[in-house]
Each structure stands twice: as C-alpha cells, then as structure tokens.
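From a predicted model like this one, the values you see are computed outputs, not experimental measurements. Below, read A as the first sequence line, B as the second, and so on, with proteins coming before strands; counting in each chain starts at 1.
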There are 2 protein chains.
Amino acid sequence: MDLPASQFEREGPAPSIIEPLCAVFRRKIRSDGLKYTPERARVLDAIIELDRLFEADELLDTLRRGDHRVSKATVYRTIRLLQDAGIVQRVLSDRDQAQYQLVYGTKPHDLLIRLDTREAIAIDVPELVELRQRICREHGLVAQGHSFQVYALKGAIAD
Amino acid sequence: MDLPASQFEREGPAPSIIEPLCAVFRRKIRSDGLKYTPERARVLDAIIELDRLFEADELLDTLRRGDHRVSKATVYRTIRLLQDAGIVQRVLSDRDQAQYQLVYGTKPHDLLIRLDTREAIAIDVPELVELRQRICREHGLVAQGHSFQVYALKGAIAD
DNA sequence: GTCGGTGCAAATGCTTTGCATTGAT
DNA sequence: ATCAATGCAAAGCATTTGCACCGAC
C-alpha cells in the first residue's frame, strides 16, 4: 500500500454492483462517439486487477505480462479517458510520478497510516462531513469532498 | 526527506518567533559545512514574501523581478536544502508541478482547495488534533501528524 | 587559497503529441 | 468505407546534473 489519496464522493450514476465497470466505461465511450477497443478494455482490466493506487508505469508492467501488449501512449490516453468518465481519479501525492486510483462507486476513505509499516487502515470519521461543511460555509464555498489521513506509530513518545 | 506525505508537527528546535528564519537556515547550512550564499538567502526571502503554497516556477518569477537573478538550477537546489532543513515541505498535490510550503515553526496546515481554480487556502482546524488522538488511541497507536484537505466549489449544488 | 556554489546547457524521466497505419463500427 | 485508435518516435515540461568559472570562508 502506498500513500493515501483524496477521495471524492461520486455524483452521477449509481454505484452499480450489478453493472460491471467495463460496461460503464463502454457506454460512456460510445456515448461520446468514441470506440471501445480491446486496448482500452485491457487497461481498465489491469487497473481492476491491481486493486490499489497505481502509476502509469505499473499499469504498463502489468499489461506487458499479458499476451497482447498495449503501448505507453495508449495507457496514458486511456487513463485520461477513465478520468473523464469518473472511473479513475488522480490522487494527491508528493511523488514524481502521477498516482491514480479507481473511484467509481466508492465512498470516501479516511485513512490511518502507520509510519513504521506503511500499512493503511481505513477508518470512518463521520464528523468530518459536518466539519468540512462548516469550513466551506465560512469561505462561501460548497464542499465536494475531502481527504483525511492520520499518521501514527506504535508506542511512540509524542502526542 | 521521503516520508512526509503531509503535514507533521516539527520536532527539533523551538518555533522561534525571535530568531528569523534566515538565521535558522544559515545555521543549518553552516553546520553541514555548506555555504550561506546570497542566492540561497534570496530564495528563502522569496518564499517568505510569497507567503503561500508555491511552485518552483513562481519562485523563479518572483526572483526575476528583483535586481539580482537566481538561476533555475539554484532555485531547485535551494528548495531541496530547505526541505532537508525542515523549513519547507513538499505538499500533496495532483498537479504536474510540485508544490511546496513553508512549515518551519508552523502548525500543520490543513487546506481548503477550490476544484475550479485549484487555489489552495490554508485553514486552521484545531479540533483535528483531538480527533486524531482519539482515533489512534482506539487502534493502540500514537498520532504523529495528519493531513486534511477539503475540496470545494463556488456555488455548486451538492453537500 | 580552498572547496563548495553558481549559471548555463545538456541530460533525465514522465507525459503528450504527430503521423502513418490499423481496426471498430 | 469511414473515422477514430494504435504504436512508434519525437516533442514537451519539470527537474536534475555536468562542468567551467566564481566567490564565501
């Protein structure tokens, strides 16, 4: 597991436990007058298979292991399409490579991250919704989502 | 400087309202057997003058407006030094250019980020400290820091 | 006088783009 | 048959690095 991410609440179509993601993607692609190609399907498959934060690079590696190769250019182009479709989101990061995650149909995660093991534990902090509303109101804005990570250690001194 | 995916409380020397930041920087630089040059001083000045999240680019622009120019290479090299000194920290971001902020002697900043303009506003949310303590206690851990960002829009529908 | 620092330009490394060919519809 | 998609290689950017000269100590 790697560094966290911003999670946004989704708007738009329902989470859809029934409809597979690839179908959602295909529908969106076609409704834009574009074509649903095997390469695009494979990129999405690789993302689903990875099932965690990913970088374009890792996707490329995963895809290379398959029978059919997908070019770097297509991987980047597909990531962009998936972002436009609301299926993938670029996450906040302090690394040099962009990081993405699958977000379609997920709730926002708040994370508790162990600095020693880098383990990330999903936590539920309902009061943050109210908190962020209050903050936004004070600035004349409307909250769309949030990201909260707590960093911790086992048996440390501070705090 | 790898860990901080976010905002941590500083350890080490006191926040120092008396001692100017440049003096802190100079002391650190010299204690490492390095040299405190006018260029390095000017970069730190520019950061202090900007007084907000910044990108290397903006720093360069600010510096160009002055009489003495500082090269791009030196700006990047100095940012790295300032990170090592714990004066500047790279922040989580989903942009293409890295973003940094002054952190020396400051409390962790929580951020309010406008999704439309990408503007990041530092906010103070003191209750998060207590919140994170509670969360950590429930997991038998000790909090070391946290990261909180709220994403918002002007006059949007949701929330 | 010594090293380390600076500016410049070249090199990197991630990401995007132009173009000729291929393929989904 | 059409028009978008693909793969490749080249181009674009942000950032880093090599090197000759410069300056803090």
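Taken from CG in A:Leu131 to CD1 in A:Ile135, the straight-line distance is 4.0 Å, to the nearest 0.5 Å.
Contact annotation: the side chain of A:Val70 never approaches that of A:Thr78 to less than 4.5 Å [non-hydrogen atoms, C-beta and beyond]. You'll find the side chain of A:His139 reaches within 4.5 Å of the side chain of B:Leu112, heavy atoms only. In this structure, the side chains of A:Leu63 and A:Glu39 stay at 4.5 Å or more apart for every pair of heavy atoms. Between A:Cys136 and A:Val142, every side-chain heavy-atom pair lies at or beyond the 4.5 Å cut-off.
A rotation axis mapping the C1' atoms of four pairs onto the next four is fitted at both ends of the helix from C:dG1-D:dC25 to C:dT25-D:dA1 over five pairs, and the angle between these axes is 30° to 10 degrees.
Under the 4.0 Å criterion applied to side-chain N and carboxylate O atoms, B:Asp96 and A:Arg90 are assigned as salt-bridge partners. A salt bridge does not link A:Asp84 to A:Arg80: none of the charged side-chain nitrogens sits closer than 4.0 Å to a carboxylate oxygen.
Applying the side chain to side chain donor-acceptor pair (under 3.5 Å) test to every pair with at least one member in residues 60-76 of chain A, sequence neighbours left out, gives these pairs: A:Ser71-A:Thr74. Screening residues 45-55 of chain B for salt bridge (Lys or Arg N to Asp or Glu O under 4.0 Å), with sequence neighbours left out, gives B:Arg52-B:Glu58, B:Glu55-B:Arg95. Annotation: salt bridge (Lys or Arg N to Asp or Glu O under 4.0 Å) contacts involving residues 133-150 of chain A, sequence neighbours excluded, comprise A:Arg134-A:Glu138, A:Arg134-B:Glu127.
Residues A:Asp110 and A:Val125 share a closest heavy-atom pair of OD2-N, 3.6 Å. Among all heavy-atom pairs drawn from A:Arg26 and A:Tyr36, the shortest one is CG-CG, 3.4 Å. Closest of all the heavy-atom pairs between A:Gly140 and B:Lys154 is O-CE, 4.1 Å. The two residues B:Gln97 and B:Ala56 make their nearest non-hydrogen contact at OE1-N, 4.3 Å.
You can see that DNA chain D meets the heavy atoms of chain A within a 4.0 Å-exclusive cut from D:dC3 to D:dC8, reading 5' to 3'. Once you apply a 4.0 Å limit to the heavy atoms of chain A, the touched nucleotides of DNA chain C run 5' to 3' over C:dC14 to C:dT25.
Partners of A:Gln83 by side-chain hydrogen bond (donor to acceptor under 3.5 Å, both in side chains), not counting sequence neighbours: none found. Evaluation of the ring pair (Phe, Tyr, Trp, His ring centres under 6.0 Å) rule for B:Tyr100 yields B:Phe54 as partners, not counting sequence neighbours. Not a single salt bridge (Lys or Arg N to Asp or Glu O under 4.0 Å) links B:Asp57 to another residue, sequence neighbours left out.
Using a 4.0 Å cut-off on heavy atoms, the residues of residues 65-78 of chain B that approach DNA chain D are B:Lys72, B:Ala73, B:Tyr76, B:Arg77, listed by number. Within a heavy-atom distance below 4.0 Å of DNA chain C, the residues of residues 28-40 of chain B found are B:Leu34, B:Lys35, B:Thr37, B:Glu39, B:Arg40. A heavy-atom distance below 4.0 Å to DNA chain C is reached by none of the residues of residues 55-63 of chain B.
Counting non-hydrogen atoms under 4.0 angstrom, B:Arg80 reaches the backbone sugars and phosphates but no base.
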